[in-house]
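What follows is a short report on a single structure.
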Amino acid sequence: MTSTPFLAVFTSPEVQLPELTSYLSLDGIHVPNDRPYVWQNAVTSLDGVIGLAEIGCTDAGPIAMKHMEQVKGSLTDWRILNFGWACADGVLVTGANLRNEPEFDGWFTRFQDLQNYRQTNLKSPDHPLQIIVTNSGELPLDHPVFQRVDLKVLIVTGGRGSRCLAERGKSENVVVCGEDVVDLRQLMKVLKESYQIQTLDISTGGAFASDCLNLGLIDEVRYTLSGQICGRVNSQNQQRPVLFPNVRFNWVDRPAGLGNPLIHYLGIRAVDEHFVFVRGRVEYR
Ligand SMILES: NC(=O)C1=CN([C@@H]2O[C@H](COP(=O)(O)OP(=O)(O)OC[C@H]3O[C@@H](n4cnc5c(N)ncnc54)[C@H](OP(=O)(O)O)[C@@H]3O)[C@@H](O)[C@H]2O)C=CC1
Ligand SMILES: Nc1nc(O)c(N)c(N[C@@H]2O[C@H](COP(=O)(O)O)[C@@H](O)[C@H]2O)n1
């Protein structure tokens with residue numbers, strides 16, 4: 001078993017496999033009986049912004065400072081995210097991911113060393129199942145993720161979304177979980193029981209992830225804390241998307257027996273002066 005220091009510095013921004021496996025080891029995790037083991041991955045500014053939402057840059061890249069060549073830690077963030085995709089049986093994204101990233105052709109690792117790790121060490125299929133969750137059914141059906149023959153894609157929706165998709169001729173690989181909107185507990189159960197998903201990466205924005213947190217469905221978080229402070233609105237005075245828009249700190253509304261999420265930090269990493277990387281187990285106190 002690899003040693004997993006609590007606090008450490010990555011020796012290079014292009015963080016190599018031994019340091020990735022040490023930081024993000026899945027040794028000893030407990031996969032619940034009724035759902036996969038679930039982690040969320042996100043990059044966030046210090047004030048909780050996960051996308052600038054400016055015209056021409058609706059993705060997460062600017063928060064990770066991907067456009068700034070001198071910021072080496074953006075590569076580390078990208079490697080950590082890609083390592084999660086390499087380890088997961090399924091990666092879950094939302095309609096918003098597809099609408100905001102019309103050119104991104106799938107949530108699978110782009111690095112050959114991580115792909116080799118997936119296939120040789122984990123003996124997993126070439127790519128994780130691409131799980132796209134939508135309530136409205138308003139998906140761009142010409143998105144590149146639907147064009148790749150090497151990717152298995154599953155759309156999960158409720159009754160409303162399935163009608164919308166059917167009207168547009170899409171019923172293949174569409175699963176209905178819930179009545180009008182998606183029942184997230186049922187979704188997780190179906191992924192485990194019908195699709196054999198033991199490990200699930202949630203690479204969504206904050207709205208979906210915090211709905212899952214509210215229901216106690218996330219076991220682990222992997223956050224890249226970017227040194228940026230973005231402000232809550234974009235140049236058009238519209239709210240920017242944030243990491244925890246829906247977490248309700250209202251004990252009365254919480255499901256019976258489920259306390260508020262509390263992060264128990266498992267590992268903290270640094271690489272250059274712009275980012276801190278944290279991994280934590282979610283406890284529900
Ligand atoms: N910094 C980061 O790490 C990341 C940033 N992003 C960025 O975040 C922004 C989007 O964030 P955010 O608005 O929070 O979006 P989310 O990714 O959380 O997606 C919201 C959409 O997800 C679907 N959805 C939300 N909750 C549920 C639910 N309970 N059940 C079923 N479907 C649900 C709906 O899709 P529909 O409308 O189709 O019904 C909704 O519009 C984008 O700018 C994106 O680029 C995205 C991923 C990671
Ligand atoms: N943690 C993290 N770091 C980044 O740099 C990210 N971009 C994301 N977001 C996820 O990555 C997908 C592709 O994003 P880009 O188009 O490269 O910005 C995006 O769909 C999110 O799932 N997360």
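When a ligand or atom number is given, it counts from 1 through the structure's own listing order. For the numbers below, each heavy atom of this structure counts, side chains included, while hydrogens, waters and symmetry mates do not.
When only non-hydrogen protein atoms are considered, atom 1 (N) of ligand 2 lies nearest to Asn41 OD1, 2.7 Å. The protein heavy-atom contact nearest to atom 17 (O) of ligand 2 is Lys66 NZ, 2.7 Å. Among protein heavy atoms, the minimum distance from atom 22 (O) of ligand 2 is reached at Ser203 O, 2.9 Å. Looking only at protein heavy atoms, the nearest one to atom 12 (C) of ligand 2 is Glu101 OE1, 3.5 Å. Atom 23 (N) of ligand 2 has as its closest protein heavy atom Leu81 CD2, 3.5 Å. Residue, atom and distance of the protein heavy atom nearest to atom 38 (O) of ligand 1 are Thr134 OG1, 2.7 Å. For atom 9 (N) of ligand 2, the nearest non-hydrogen atom of the protein is Ala60 CB, 3.8 Å.
A donor-acceptor contact shorter than 3.5 Å is absent between the side chain of Gln196 and the backbone of Lys192. In this structure, Gln16 contributes its side chain and Glu14 its backbone to a donor-acceptor pair below 3.5 Å. The backbone N or O of Ser203 lies less than 3.5 Å from no partner atom in the side chain of Asn41, so there is not a single donor-acceptor pair.
For Tyr23 and Phe83, the distance between ring centers is not under 6.0 angstrom.
Around atom CD1 of Ile229, no more than 12 heavy atoms belonging to other residues, nucleotides or ligands sit under 6.0 Å away.
Between Phe104 and Trp78, the ring planes are perpendicular. Angles over 60° get that label, and only those under 30° would be called parallel.
Heavy-atom contacts of Asn97 reach the following atoms of ligand 2: 20 (O), 21 (C), 22 (O) (cutoff under 4.0 Å). In the vicinity of Ala64, heavy-atom distances shorter than 4.0 Å reach the ligand 2 atoms 5 (O). Each of the following atoms of ligand 2 lies closer than 4.0 Å to a heavy atom of Gly61: 18 (O). Atoms of ligand 1 found under 4.0 Å from any heavy atom of Pro241 (numbered from 1 in listed order, with element): 9 (C), 11 (O), 43 (O). Each of the atoms 27 (C), 28 (C), 30 (N), 31 (C), 32 (N), 33 (C), 36 (P), 39 (O) of ligand 1 lies under 4.0 Å from some heavy atom of Asn135. Listed by number with element, the atoms of ligand 1 under 4.0 Å from a non-hydrogen atom of Phe208 are 18 (O), 26 (N), 27 (C), 28 (C), 33 (C).
Residue pairs that meet the salt bridge (charged side-chain N to carboxylate O under 4.0 Å, His left out) test with at least one member in residues 161-183, sequence neighbours left out, are Arg160-Asp180.
At least one heavy atom of Leu184 lies less than 4.0 angstrom from ligand 1. Under the 4.0 angstrom criterion for non-hydrogen atoms, Arg222 is not in contact with ligand 2.
Ranked by closest heavy atom to atom 1 (N) of ligand 1, the top entry among Val43, Val93, Leu92 is Val43. Comparing Thr76, Asp77, Thr44 by heavy-atom distance to atom 4 (C) of ligand 2, the nearest is Asp77. Scanning Glu138, Glu54, Gln239, Arg99 for the heavy atom closest to atom 35 (O) of ligand 1 points to Arg99. Relative to atom 20 (C) of ligand 1, the option among Ala53, Ala42, Ala96 with the closest non-hydrogen atom is Ala96. Between the choices Val49, Ile50, Val181, Asn97, the shortest heavy-atom distance to atom 5 (C) of ligand 1 belongs to Ile50.
At a cut-off of 3.5 Å, with distance as the only test, a side-chain donor of Asn97 or Thr94 sits close to an acceptor on the other residue.
Cluster membership for Phe6 and Trp39, using ILVMFWY side-chain heavy atoms within less than 4.5 angstrom, is not shared.
Checked against side-chain hydrogen bond (donor to acceptor under 3.5 Å, both in side chains), Asp272 has no partners two or more places apart in sequence or in another chain.
Annotation: side chain of Ile155 is in contact with side chain of Phe146 (closest heavy-atom distance under 4.5 Å). In this structure, the side chains of Arg148 and Phe108 come closer than 4.5 Å at one or more pairs of heavy atoms. Gln198 places none of its side-chain heavy atoms less than 4.5 Å from the side chain of Ile29.
Between Ser203 and ligand 1, no pair of N/O atoms sits closer than 3.5 Å. Distances between N or O atoms of Gly51 and those of ligand 1 include no value under 3.5 Å. An N or O contact shorter than 3.5 Å is missing between Thr44 and ligand 1 by distance.
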